[in-house]
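Here is the structure we will look at.
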Amino acid sequence: QVQLVESGGGLVQPGGSLRLSCAVSGSIFSFYAMGWYRQAPGKERELVARIRSGGMTDYADSVKGRFNISRDKSQKTSHLQMNSLKPEDTAVYYCNIVIAGWDRDYWGQGTQVTVSS
């Protein structure tokens, strides 16, 4: 059974930083991309960043230059380094993986990030 567990969320002041982590467990025998999404109250879930197994990355325009996604050499853990945080970054952040050749993707439970003074 594939399972994703996020950690690192919390309360931070504007301009501060947080580092989110996503640990993946289970038997996965294909390459997979790892991503971070977020959902603010009353809004749709949106892609924040993603990283492919080969290391290629994509970012939402709203976080470019502030956030960085990476994954451990084990490929089992992704990290989202969030810098220069703004109140509008406040949301529940979800880890996601998309596995090559599989018929569904997987999600973590989410971790709350609140940016407030």
Pair Y106, V24 - check side chain to side chain contact (heavy atoms under 4.5 Å, CB included), show working. CA-CA 10 Å; Y106 294 86; V24 178; over 6 Å; no
Would you find more than 12 non-hydrogen atoms of other residues, nucleotides or ligands less than 6.0 Å from E44 atom CD? no
Contact summary for E6 and C95, nearest pair of heavy atoms: OE2-N, 2.8 Å
Using a cut-off of 6.0 Å, state whether more than 12 heavy atoms not belonging to E46 lie near its atom CD. yes
Does a side-chain heavy-atom distance below 4.5 Å link Q81 with S70? no
Quick one: CG on N96 to CG on D105, what's the gap to the nearest 0.5 Å? 5.0 Å
For M34 and C22, which heavy atoms make the closest approach, and how far apart are they? CE-O, 4.2 Å
Partners meeting side chain to side chain donor-acceptor pair (under 3.5 Å) with D61 (sequence neighbours left out): K64
Looking at every non-hydrogen atom in both residues, tell me the closest pair between A49 and L80 and how far apart they are. CB-CD1, 4.1 Å
Verify the neighbour count for atom CZ of R52: are there more than 12 heavy atoms of other residues, nucleotides or ligands below 6.0 Å? no
Hey, could you give me each pair passing side chain to side chain donor-acceptor pair (under 3.5 Å) that has a residue in residues 22-35? Not counting sequence neighbours. none
To the nearest 0.5 Å, tell me how far R45 CZ sits from L47 CG. 11.5 Å
Nearest-0.5 Å distance, CD of residue Q109 to OG of residue S7: 13.5 Å
Between I69 and W107, is there shared hydrophobic-cluster membership here, with clusters defined by ILVMFWY side-chain heavy atoms closer than 4.5 Å? no
T90 versus V115, closest heavy-atom pair with distance: OG1-N, 2.9 Å
What's the shortest heavy-atom distance between S78 and W36, and which atoms? OG-NE1, 3.4 Å
Is the shortest heavy-atom distance from the side chain of M82 to the side chain of L20 under 4.5 Å? yes
Do V12 and S17 touch side chain to side chain, with heavy atoms closer than 4.5 Å? no
With the side chain counted from C-beta on, respond yes when Y94 and L4 share a heavy-atom pair under 4.5 Å apart, and no when they do not. no
Go through the structure and list residues passing salt bridge (charged side-chain N to carboxylate O under 4.0 Å, His left out) with R66, not counting sequence neighbours. D89
Tightest non-hydrogen contact, residues R38 and Y93, listed as NH1-OH, 2.9 Å
Does some side-chain heavy atom of Y59 sit less than 4.5 Å from a side-chain heavy atom of I51? no
